[in-house]
Amino acid sequence: MSTVVVVGAQWGDEGKGKLVDVLTEQAHVVARYQGGHNAGHTVVINNEKYILHLIPSGILHSDKLSIIGNGTVVDPASLIKEIDGLKQRGVEVGKNLLLSKGAHLIMPYHMAVEQANEEMKGSKKIGTTGRGIGPAYVDKMARMGIKVADLLLPEIFREKLDRNVDYMNRLLKNVYQAKEFSAEEIYRDYMNYAERLSGYIADTDIVINKAIDEGKNVLCEGAQGTLLDIDHGTYPYVTSSSASAGGVCTGLGIGPTKIDKVIGVVKAYTTRVGGGPFPTEIKGPIGEALQQKGGEYGATTGRPRRCGWLDIVALRHSIRINGITGIAITKLDILDDLDEIKICTSYKYNSKTLDEFPKEASIVEQCQPVYETVEGWKENTRGINDFDRLPPKAQKYIRTIEELLNVSVQMISTGSKRDEIILLDKQF
């Protein structure tokens with residue numbers, strides 16, 4: 001029995017949702033450890049598309065327990081909408097979902113502050129979703145956040161809310177010249193949310209550790225990707241939480257000695273949404289073709305993703321930071337039509353060759369990719385679920401990635417559906 005982490009190894013949008021869904025077959029518990037409803041995990045089952053934002057992808061399996069951990073930030077209105085949407089489609093949620101008491105709440109003023117702050121930046125926008133995730137984490141670190149547990153303590157909730165609304169209204173009025181909020185209205189709304197969510201709220205760290213101690217398989221799911229990690233990403237063009245594997249321990253309350261494997265999810269090319277440096281970005285017809293064929297539009301926001309070639313330099317960084325034990329390649333089929341495929345093996349910066357990913361975003365912005373070119377296979381790979389049935393040149397592409405990263409490829413996704421996958425190694 002094992003505890004396995006699935007982590008994005010690029011700038012998010014790698015296809016983690018499908019991989020988690022596939023691995024949930026062998027798991028007993030699936031737990032989300034960071035981020036908010038700015039994430040979008042897409043899973044296709046029997047030609048039906050499910051887009052999940054905060055609830056772990058494991059919820060689509062009726063006999064699994066899904067947990068939203070304390071490292072997340074939760075907009076209760078959004079979570080209730082997601083729960084109701086799943087129920088309407090016949091997905092069992094009531095017995096299969098737990099929400100950590102320790103998760104912090106996203107409040108209406110968080111969204112207002114984020115949107116106003118982003119607007120003030122003009123051309124220097126980070127590219128946030130405007131859903132209040134960043135400011136909720138700011139309040140958490142400033143020790144003025146409101147936790148899910150506070151929903152069950154109305155007097156404590158009201159005391160914290162009054163204090164925060166007073167502060168935030170001053171900020172909104174005097175700095176952003178934005179609309180102020182009524183504490184009474186927020187209190188009324190959130191007490192209604194408390195009534196709807198009370199049956200899901202639990203000490204989830206106790207539940208997870210008990211499951212591990214009982215020898216059950218636990219699957220830990222993150223949002224975004226390592227290059228968006230608050231500590232190890234292209235700061236400041238990052239998310240506001242620990243999207244790398246380190247976030248599992250703090251975000252779920254399990255010790256590092258209890259983690260057995262870390263699977264890094266790697267798209268067969270590279271994408272990034274929003275602002276920030278992107279050395280291998282392809283501007284022109286090939287990049288546009290990848291965007292169209294790959295459906296590279298945000299599941300949450302609909303924003304188009306910038307597309308580029310596979311970046312080995314960035315992936316080396318992710319493998320080291322996360323302690324990745326194996327990788328899963330996704331969207332291999334999107335490359336089927338290309339005559340040739342480029343792989344970035346190093347950067348050029350001020351006449352120097354860089355084999356390691358720079359810590360400074362300002363330097364990454366100036367790096368020029370050095371490419372190795374391989375022949376495209378020009379054959380259909382969609383739906384193939386046996387490695388030996390892949391075209392030889394597609395097999396060579398996979399093996400080249402393994403050699404450059406010195407990590408084995410353990411899964412290959414060849415389409416959006418659950419069964420369009422090649423499993424090369426067992427994870428549990």
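Values below: every heavy atom of this structure, side chains too, minus hydrogens, waters and symmetry copies. It should be emphasised that the depicted structure is a prediction, and the values quoted were computed from it without experimental measurement. Sequential numbering from 1 along the given sequence is applied to the chain's residues.
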Could you tabulate the donor-acceptor pairs under 3.5 Å formed by side-chain atoms of residues 355-369, not counting sequence neighbours?
{"from": "E356", "atom 1": "OE1", "to": "R320", "atom 2": "NH1", "distance (Å)": "3.1"}
{"from": "Q366", "atom 1": "NE2", "to": "S362", "atom 2": "O", "distance (Å)": "3.1"}

Donor-acceptor pairs are to be reported for all side-chain atoms of residues 224-233 against protein atoms at under 3.5 Å, with residues two or more places apart or in another chain.
{"from": "Q224", "atom 1": "OE1", "to": "Q34", "atom 2": "NE2", "distance (Å)": "3.3"}
{"from": "Q224", "atom 1": "NE2", "to": "N38", "atom 2": "OD1", "distance (Å)": "3.4"}
{"from": "T226", "atom 1": "OG1", "to": "G8", "atom 2": "O", "distance (Å)": "2.7"}
{"from": "T226", "atom 1": "OG1", "to": "N322", "atom 2": "ND2", "distance (Å)": "2.8"}
{"from": "D229", "atom 1": "OD1", "to": "D231", "atom 2": "N", "distance (Å)": "2.7"}
{"from": "D229", "atom 1": "OD1", "to": "H232", "atom 2": "N", "distance (Å)": "2.9"}
{"from": "D229", "atom 1": "OD2", "to": "A243", "atom 2": "N", "distance (Å)": "2.9"}
{"from": "D229", "atom 1": "OD2", "to": "S244", "atom 2": "N", "distance (Å)": "2.9"}
{"from": "D229", "atom 1": "OD2", "to": "S244", "atom 2": "OG", "distance (Å)": "2.8"}

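The pair D75-R131 does not count as a salt bridge, with every side-chain nitrogen at least 4.0 angstrom from each carboxylate oxygen. For the pair D21 and R418, the salt-bridge criterion is met [side-chain N within less than 4.0 Å of a carboxylate O]. D336 has no carboxylate O lying under 4.0 Å from a charged side-chain N of R382, or vice versa, which leaves the two without a salt bridge. Ion pairing between E296 and R272 fails under the 4.0 Å rule for side-chain N and carboxylate O.
Among the candidates L405, I398, I412, L315, the single residue satisfying the side-chain contact (heavy atoms from CB on, under 4.5 Å) test with I327 is L405.
Using modelled atom types and a 3.5 Å distance limit, the side chains of K396 and T400 yield no donor-acceptor pair.
In terms of the side-chain hydrogen bond (donor to acceptor under 3.5 Å, both in side chains) criterion, residue partners of S413 (sequence neighbours excluded) are, by chain and number, K18. Residues forming a side-chain hydrogen bond (donor to acceptor under 3.5 Å, both in side chains) with S318 (at least two apart in sequence, or on another chain): none. For E92, there are no salt bridge (Lys or Arg N to Asp or Glu O under 4.0 Å) partners, not counting sequence neighbours. Judged as a side-chain hydrogen bond (donor to acceptor under 3.5 Å, both in side chains), and not counting sequence neighbours, N350 has no contacts. D311 meets the side chain to side chain contact (heavy atoms under 4.5 Å, CB included) test with T270, P279, T280, V313, A314, C344, Y347; sequence neighbours excluded. Every residue meeting the side chain to side chain contact (heavy atoms under 4.5 Å, CB included) condition with D150, not counting sequence neighbours, appears here in chain and number order: I146, K147, I156, F157, K160. In this view, D337 and K293 satisfy the side-chain hydrogen bond (donor to acceptor under 3.5 Å, both in side chains) rule, not counting sequence neighbours. Checked against salt bridge (Lys or Arg N to Asp or Glu O under 4.0 Å), E14 has the following partners two or more places apart in sequence or in another chain: K16.
Atom-to-atom distance recorded for L290:CG and I334:CD1 is 8.0 Å, nearest 0.5 angstrom.
Side-chain atoms of Q10 come within 3.5 Å of backbone N or O of K267 as a donor-acceptor pair.
Under a cut-off of 6.0 angstrom, the local environment of CG in D386 is crowded, with over 12 non-hydrogen atoms contributed by other residues, nucleotides or ligands. Crowding of R163 atom CZ: a count of heavy atoms from other residues, nucleotides or ligands under 6.0 Å exceeding 12.
Among pairs with a residue in residues 235-259, those fulfilling salt bridge (charged side-chain N to carboxylate O under 4.0 Å, His left out) read D213-K258, at least two apart in sequence or across chains. Here salt bridge (charged side-chain N to carboxylate O under 4.0 Å, His left out) pairs that include residues 41-54, with residues two or more places apart or in two chains, are E48-R89.
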